[in-house]
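These notes concern the structure reproduced below.
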Amino acid sequence: MLAQALPPLGGGKIADFHFRIEGKYNDMKSNDLKLTIRFSNKNDGVVEFITPQRRGMQEPHMDGSSLISNHLAPESGYVAEVTRTYAVDDGGNKRKTDVNHQMNFYFRTRTKTSPDGRIISANYGKIYGDFDFSSGNIDKGFYASLGFAACYFNPTPNDRNVEFDPKRNLNPDGNVRQP
């Protein structure tokens with residue numbers, strides 16, 4: 001199945017994003033973690049954009065229009081790495097995080113280049129919401145959690161259109177309400 005993690009966690013076929021969580025973990029009430037998002041190919045990456053009207057991760061739209069991004073992903077400006085931090089002090093209170101629920105991303109993956117560095121082929125998409133993560137309850141066998149509000153991937157190479165087409169949804173189990 002497409003739009004999933006790779007085995008053994010899912011049935012995905014291609015690794016577009018690589019997620020790594022590292023840091024100090026004593027227990028759920030005491031940890032200091034860093035999430036790093038990297039990509040599979042040189043010239044893959046993300047471009048950030050802000051939606052100031054969104055109030056939280058579960059609300060991907062802005063007040064008024066449900067269209068919160070440009071219909072075309074940018075041609076340039078992609079960065080190859082994103083990091084986020086999450087820390088909890090000994091009392092279990094969230095001490096720090098740099099997750100911003102108003103943050104969104106255009107992304108470029110599966111990038112192929114010519115010998116002189118020009119992009120020959122790439123796929124584009126967008127993510128609504130920041131890469132939100134927490135430590136979960138690792139000491140009891142649970143894994144760290146990672147989430148964002150919604151994701152759209154255009155499967156047509158070199159098409160920067162990131163408008164949502166429900167007839168081509170790669171995640172048939174998803175509750176799709178947004179473009």
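Along the sequence shown, residues are numbered consecutively beginning with 1.
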Identify the heavy atoms of Y106 and S69 that sit nearest to each other, and give their distance.
OH-CB, 3.5 Å
Tell me, do C151 and Y128 make a side-chain contact under 4.5 Å, heavy atoms counted?
no
Criterion side chain to side chain contact (heavy atoms under 4.5 Å, CB included) on D16 and N41, from CA distance to verdict:
CA-CA 8 Å; D16 292 310; N41 302 299; 5.8 Å; no
Any residue meeting side chain to side chain contact (heavy atoms under 4.5 Å, CB included) with A80, in chain and number order, not counting sequence neighbours:
none
CD of E163 to OH of Y152, rounded to nearest 0.5 Å, is 8.5 Å
Among all residues two or more places apart in sequence or in another chain, which pass the side chain to side chain contact (heavy atoms under 4.5 Å, CB included) test with T36?
E22, K34, R38, E81, T83
Assess the pair F39 and Y78: is the distance between their ring centroids shorter than 6.0 Å?
no
Assigning hydrophobic clusters by single linkage (Ile, Leu, Val, Met, Phe, Trp, Tyr; side-chain heavy-atom cutoff under 4.5 Å), is F49 placed with V162?
yes
Donor + acceptor pair across side chains of N104, T51 (<3.5 Å):
yes
Begin with the C-alpha distance, continue with both residues' side-chain angles, and end with the deciding distance and a verdict on side-chain hydrogen bond (donor to acceptor under 3.5 Å, both in side chains) for T111 and D44.
CA-CA 6 Å; T111 307; D44 287 358; 2.6 Å; yes
State yes or no: do V79 and F19 share one hydrophobic cluster built from I, L, V, M, F, W and Y residues joined by side-chain heavy-atom distances below 4.5 Å, directly or via other members?
yes
Taking side chain to side chain contact (heavy atoms under 4.5 Å, CB included) as the definition, give me every residue that meets it alongside L72, ordered by chain and number, with sequence neighbours left out.
R160, N161
Mind checking whether F131 and F17 have parallel, tilted or perpendicular rings, split at 30° and 60°?
tilted
Holding to side chain to side chain contact (heavy atoms under 4.5 Å, CB included), I want the full list of residues that pass it with E48, two or more places apart in sequence or in another chain.
R84, M103, F105
Quick one: NZ on K126 to CG on N70, what's the gap to the nearest 0.5 Å?
9.0 Å
Can you tell if the side chain of H101 reaches within under 4.5 Å of the side chain of D132, non-hydrogen atoms only?
yes
About how many Å separate CZ of R110 and OG of S121, when rounded to the nearest 0.5 Å?
10.0 Å
If I take atom CD1 from residue I119 and atom OG from residue S76, how far apart are they, to the nearest 0.5 angstrom?
9.0 Å
Among residues at least two apart in sequence or on other chains, which ones pass ring-ring contact (aromatic ring centres under 6.0 Å, His included) with Y124?
none
So which heavy atom on L33 is nearest to which on K24, and how close?
CD2-O, 3.7 Å
Name the one of V46, V47, N43, N123 that satisfies side-chain contact (heavy atoms from CB on, under 4.5 Å) with R108?
N43
Taking only residues two or more places apart in sequence, or in another chain, which ones meet D98 in a salt bridge (charged side-chain N to carboxylate O under 4.0 Å, His left out)?
none
To the nearest 0.5 Å, how far apart are CD in Q102 and CG in D130?
10.5 Å
Assess whether atom NE2 of H71 is packed by more than 12 heavy atoms of other residues, nucleotides or ligands within 6.0 Å.
no
Atom CZ of F107 and atom CD1 of I37: how far apart are they, to the nearest 0.5 Å?
13.0 Å
